[in-house]
2 protein chains.
Amino acid sequence: MKKITIKDVARESGVSIAAVSYVLNGKFNKVSDETIRAVKEAAENLNYVPDFSARSLVKNKSMLIGVIIPQTEENSDIVIVNPFYSDVLGGIETKARENGYHILLSRVERGRGCFDVSMQRNLDGAIILGAYEEDYCKELSKVKMPVVFLDSYVNNENFYMIGIDDLYGGYIATKHLIANGHEDIAIVTGKIKNHGVMEKRFHGYKKALEEAGIPFRQEYVYSGSVNYEYGIAAGNEIVNSGLPVTAIFATADIIAFGAINSLKAWGKQIPEDYSIIGFDDLSITRMFTPPLTTVRQDIAQKGMVAADLLIDILEGRNKKGIKEMTLSLNIVERATVCQLTK
Amino acid sequence: MKKITIKDVARESGVSIAAVSYVLNGKFNKVSDETIRAVKEAAENLNYVPDFSARSLVKNKSMLIGVIIPQTEENSDIVIVNPFYSDVLGGIETKARENGYHILLSRVERGRGCFDVSMQRNLDGAIILGAYEEDYCKELSKVKMPVVFLDSYVNNENFYMIGIDDLYGGYIATKHLIANGHEDIAIVTGKIKNHGVMEKRFHGYKKALEEAGIPFRQEYVYSGSVNYEYGIAAGNEIVNSGLPVTAIFATADIIAFGAINSLKAWGKQIPEDYSIIGFDDLSITRMFTPPLTTVRQDIAQKGMVAADLLIDILEGRNKKGIKEMTLSLNIVERATVCQLTK
DNA sequence: TTGTAAGCGTTATCAG
DNA sequence: CTGATAACGCTTACAA
């Protein structure tokens, strides 16, 4: 069965290919009602489906949005382990589909990856998930397409950003612990990079401490990777450190899960022995025991907002010239933080 | 900055565009070493990146693989809630990237969805995740591209299948419970459709029962959706049923999580009051408490195998003419099943 | 209102 | 070995 083209539709409906194109593109002011009807009928009958490659070639618009998951050292796993990605991906896909765009999913290593894929595919735009790296920006600024960064603090005129107030998040998390009487609060976090999300949350932690007059102790900082395994490792370290830690701020739920499980494995009670607060409120958090107290951000919502913004830009609807959006955050109290009793 | 085309490279290197194309496509037998060098250098200098749309147009090959997540009633969530999808997606993406393909992610409702996207984008092939529907097959058989189904029992010559032996899985799961002395075994499962995965697991359950001489009881069948919420609902029902259930076979881990949590909420002990075995061994299972005994399948592996098979077909490497692959299954014993003591 | 024809960036055919 | 040139399917001036 050979491909049905616009030509076939033209022949079938007895008009020129130009007329067909007009009808198919809704340029109704250029054609008669009669033509419209005929073309529509023929297209329907023949099961005509436009070829996006051809369209992309001439219009230089692909209706494709790249979703790029940077491949970092900490994130080199075969599977997209962090459920954060699937939550956000769902949000992006939903909005893209609603607007007739498709999603091109691609993990890329540092280097030319981003640039190449965007050029090859004539991507209309891209959304980059977390894990900001200087390299990505440099290569991406050579591309003319709009790029929305999620959870990255990039200092670049060409880019858009969707994020949360990470400093504030770290701040309220820590404050919540302090309000419950804790002073020996460890922080377990991913690698603290300059201008990174983790750094902001860390600063929030320090700020809350300072404000409460609690001295910051470097020994209370556990910094590794944003994954379950590191949470476990950190939990072990804390137990064996001999430090009088009573509470832990995990800068990601997934780390909190690891920490809690390792603590439990040492026979510790949560929250009696250690109060713990996480960050993200992943969709799988509701399945976890004990119910995790955490700083909630609406992750799927974040994906939707990112896609909406990108599409608005693409369609020239970003009238307000938004370059940056910050989504709200709130603490959801469940069962892993309790009042410190001495 | 305007687009660098093959023409620019030709001009820069002082040869014809045809020669450039030859070099870029590795047809070295048609050009001199001198030309090769010149072209490569020019391409490098100009940062030339081939345009896949143009290539796709003439070669009728897009280097795009569609990953289709059917949108069913039970699966209509905004987010791709079932972590199963992200696990498998990671596997697919890995293999695709290794082979120079990109992934087009698309959820589709019943109807023309699949067909349209595959035609529009000139997809080279597609992988369809679970949730078999008669509709999909019908529309897809009109497309000439190879399609690999994951976890679907399709009876159609044109398609390929990657799956597991679901009947066997249901069988060993139930047998494991029986071996631990249980006879009053409930099954909590997604909707049991003809030729569906859930039906097979259900048959496995019945077979194990029969083999052990335990009468099948319809009251022990809880059938709903494959999600956490249904697990909770079923757990509640079981507790309130007054039935002497001592063990539960949940046909998906995610259901098991819900069931366990609702059971715990009723003050029940797992596994003392209820032994539970799941199915899948999701990557998040290791984070769950208590550690879930389950029928393990390697989900990321499944994604990789599917992508490998599809790509082999696309590149004419499926010499053995494989149409169907069944991956292995095994029980991993953790802590949610115990010997029944009366 | 309609149709003709010139591209869009590639590849592939076929003479030189 | 090399280079015009005709496709591929579509959009869009421009003419009719």
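Chain letters run A, B, ... following the sequence lines, proteins first and then strands; every chain starts at 1. Keep in mind that this is a model prediction, so the values were computed, not measured.
- Contacts of A:T35 with the nucleic acid, taken as non-hydrogen atoms under 4.0 Å apart, involve only primed sugar atoms and P, OP1 or OP2.
- Within the 4.0 angstrom heavy-atom criterion, only backbone atoms of the sugar-phosphate kind lie near A:K27; the bases stay farther away.
- Note that B:K27 lies outside the cation-pi zone of B:Y22, set by a 6.0 Å cut-off to the ring centre and a 45° limit from the axis.
- Taking every side-chain heavy atom of A:K30 into account, C:dT2 is the closest of D:dT11, C:dT2, C:dT10.
- With respect to B:R37 and B:E41, a salt bridge is recorded, a charged nitrogen being found less than 4.0 Å from a carboxylate O.
- Atom NZ in B:K7 sits roughly 13 Å away from atom P in D:dT5 (whole-Å rounding).
- Checking C:dT1, C:dT4, D:dG3 against every side-chain atom of A:S32, the shortest atom distance belongs to C:dT1.
- In this structure, the CZ atom of A:F52 is 12 Å from the C1' atom of D:dC10, given to the nearest Å.
- Of the N and O atoms on the side chains of B:N60 and B:S56, not one donor lies less than 3.5 Å from an acceptor on the other residue.
- Considering only the side chain of A:N25, D:dT11 comes nearest among D:dT11, D:dG3, C:dG3.
- Distance from the side chain of A:D51 is smallest for D:dC10 among the nucleotides C:dT4, C:dT1, D:dC10.
- The CG-P distance, from B:D8 to C:dT10, rounds to 9 Å in whole Å.
- Of the listed nucleotides (C:dG9, D:dT12, C:dT11), C:dG9 has the atom at the smallest distance from the side chain of A:L57.
- The listed nucleotides are C:dG3, C:dG9, D:dC10; the one nearest the side chain of B:K3 is C:dG9.
- When heavy atoms are screened at a 4.0 angstrom cut-off, A:T5 is found touching the sugar-phosphate backbone but no base atom.
- Nearest-nucleotide positions on DNA chain D for B:N29 and B:A54 put B:N29 closer to the 5' end.
- A close approach under 4.0 Å does occur between a side-chain nitrogen or oxygen of A:S21 and OP1 or OP2 of D:dT11.
- Protein atom CD1 of B:I6 is 14 Å distant from nucleotide atom C1' of D:dT5, rounded to whole Å.
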Requested in this report: Check the pair B:R107, A:T94 against side chain to side chain donor-acceptor pair (under 3.5 Å), reporting the backbone distance first and the verdict last.
Outcome: CA-CA 8 Å; B:R107 282 185 286 173; A:T94 299; 2.7 Å; yes
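- No donor-acceptor distance shorter than 3.5 angstrom exists from the side chain of B:N122 to the backbone of B:S118, with no hydrogens or angles considered.
- Ion pairing of A:D87 with A:K302 is absent here, as no side-chain N (NZ or NE/NH1/NH2) approaches a carboxylate O to less than 4.0 Å.
- Atom NZ in A:K61 sits about 17 Å away from atom P in C:dG9, given to the nearest Å.
- Rounded to an integer number of Å, the gap from B:K59 NZ to D:dA6 P is 22 Å.
- Between B:Y22 and B:N60, the residue anchored nearer the 5' end of DNA chain D, judged by the nucleotide with its closest heavy atom, is B:Y22.
- In this structure, B:E34 places its CD atom 14 Å from C1' of D:dT2, rounding to the nearest Å.
- Straight-line distance from the CZ atom of A:F28 to the C1' atom of C:dT2: 16 Å, rounded to whole Å.
- For C:dT11, one of the phosphate oxygens OP1 or OP2 lies less than 4.0 angstrom from a side-chain nitrogen or oxygen of B:R55.
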